[in-house]
Amino acid sequence: MAGEQQRVALARLFFSQPIFAILDECTSAVSVDVEAQIYLAAKEAGISLLSVSHRIESLLRFHDHVLAFDGAGGYRFTSADAFRQA
């Protein structure tokens, strides 16, 4: 069911063409290659994305900044390039 709901939500995203969207684990039920196609399509459509995900490695290339929480009340906000190097 989660996969179907994700697909419907993504269809609504591309149909409505918003300026930005907040994606909360919206691609957890799809493969990494399909996830990349979704993010590339959103970028090409001019949709700025704020992503909440556990798959940071596969999504990092589609973002400029990262806000990472450590699970103990701390966080780190940095550029995606700096995050990659750390």
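Nothing fancy with the numbering, it's 1 onward along the sequence. Worth knowing before you read on, the calculation uses all heavy atoms, side chains too, and leaves out hydrogens, waters and symmetry mates.
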Engineer: Which residues satisfy the side-chain contact (heavy atoms from CB on, under 4.5 Å) test with Tyr75, sequence neighbours excluded?
Structural biologist: Leu67, Phe69

Engineer: Under 3.5 Å, sequence neighbours excluded: what are the donor-acceptor pairs made by side chains of residues 12-20?
Structural biologist:
residue : atom : partner : partner atom : Å
Ser16   : OG   : Arg12   : O            : 2.9
Ser16   : OG   : Leu13   : O            : 3.4
Gln17   : NE2  : Phe14   : O            : 2.7

Engineer: Pairs in or reaching into residues 56-73: which pass salt bridge (Lys or Arg N to Asp or Glu O under 4.0 Å), with residues at least two apart or in two chains?
Structural biologist: none

Engineer: To the closest 0.5 Å, what do you measure between CG (Asp24) and OG (Ser28)?
Structural biologist: 9.0 Å

Engineer: Can you sort out the partners of Ala29 under side-chain contact (heavy atoms from CB on, under 4.5 Å), two or more places apart, ordered by chain and number?
Structural biologist: Gln6

Engineer: For Arg7, check side-chain contact (heavy atoms from CB on, under 4.5 Å) against everything at least two apart and list the hits.
Structural biologist: Val30

Engineer: Tell me whether Leu23 shares a hydrophobic cluster with Ile56, the cluster being built from Ile, Leu, Val, Met, Phe, Trp, Tyr side chains joined at under 4.5 Å.
Structural biologist: no

Engineer: Return each pair, listed once, that meets salt bridge (Lys or Arg N to Asp or Glu O under 4.0 Å) where at least one residue sits in residues 75-86; pairs must be two or more places apart or across chains.
Structural biologist: Asp81-Arg84

Engineer: Is there any salt bridge (Lys or Arg N to Asp or Glu O under 4.0 Å) pair reaching into residues 42-55, and which pairs are they, with sequence neighbours excluded?
Structural biologist: Glu35-Arg55

Engineer: Can you name the residues that form a side-chain contact (heavy atoms from CB on, under 4.5 Å) with Ala9, not counting sequence neighbours?
Structural biologist: none

Engineer: Mind jotting down which residue pairs meet the ring-ring contact (aromatic ring centres under 6.0 Å, His included) criterion with at least one end in residues 34-67? Sequence neighbours excluded, please.
Structural biologist: Tyr39-Phe62, Tyr39-His63, His65-Phe77

Engineer: Spell out, yes or no, whether Leu40 and Leu49 are grouped together once hydrophobic residues are joined by side-chain heavy atoms under 4.5 Å, including indirect joins.
Structural biologist: yes

Engineer: With sequence neighbours left out, write down each residue that passes side chain to side chain donor-acceptor pair (under 3.5 Å) with Ser79, or none if nothing qualifies.
Structural biologist: none

Engineer: Tell me the closest heavy-atom pair linking Val66 and Ala80, and the distance in Å.
Structural biologist: CG2-CA, 4.1 Å

Engineer: Going hydrophobic residue to hydrophobic residue with side-chain gaps under 4.5 angstrom, can you get from Leu10 over to Val32?
Structural biologist: no

Engineer: Which residues pass the side chain to side chain donor-acceptor pair (under 3.5 Å) test with Asp33, not counting sequence neighbours?
Structural biologist: Ser31

Engineer: How many angstroms lie between OG in Ser53 and CG in Leu59, if you round to the nearest 0.5 Å?
Structural biologist: 4.5 Å

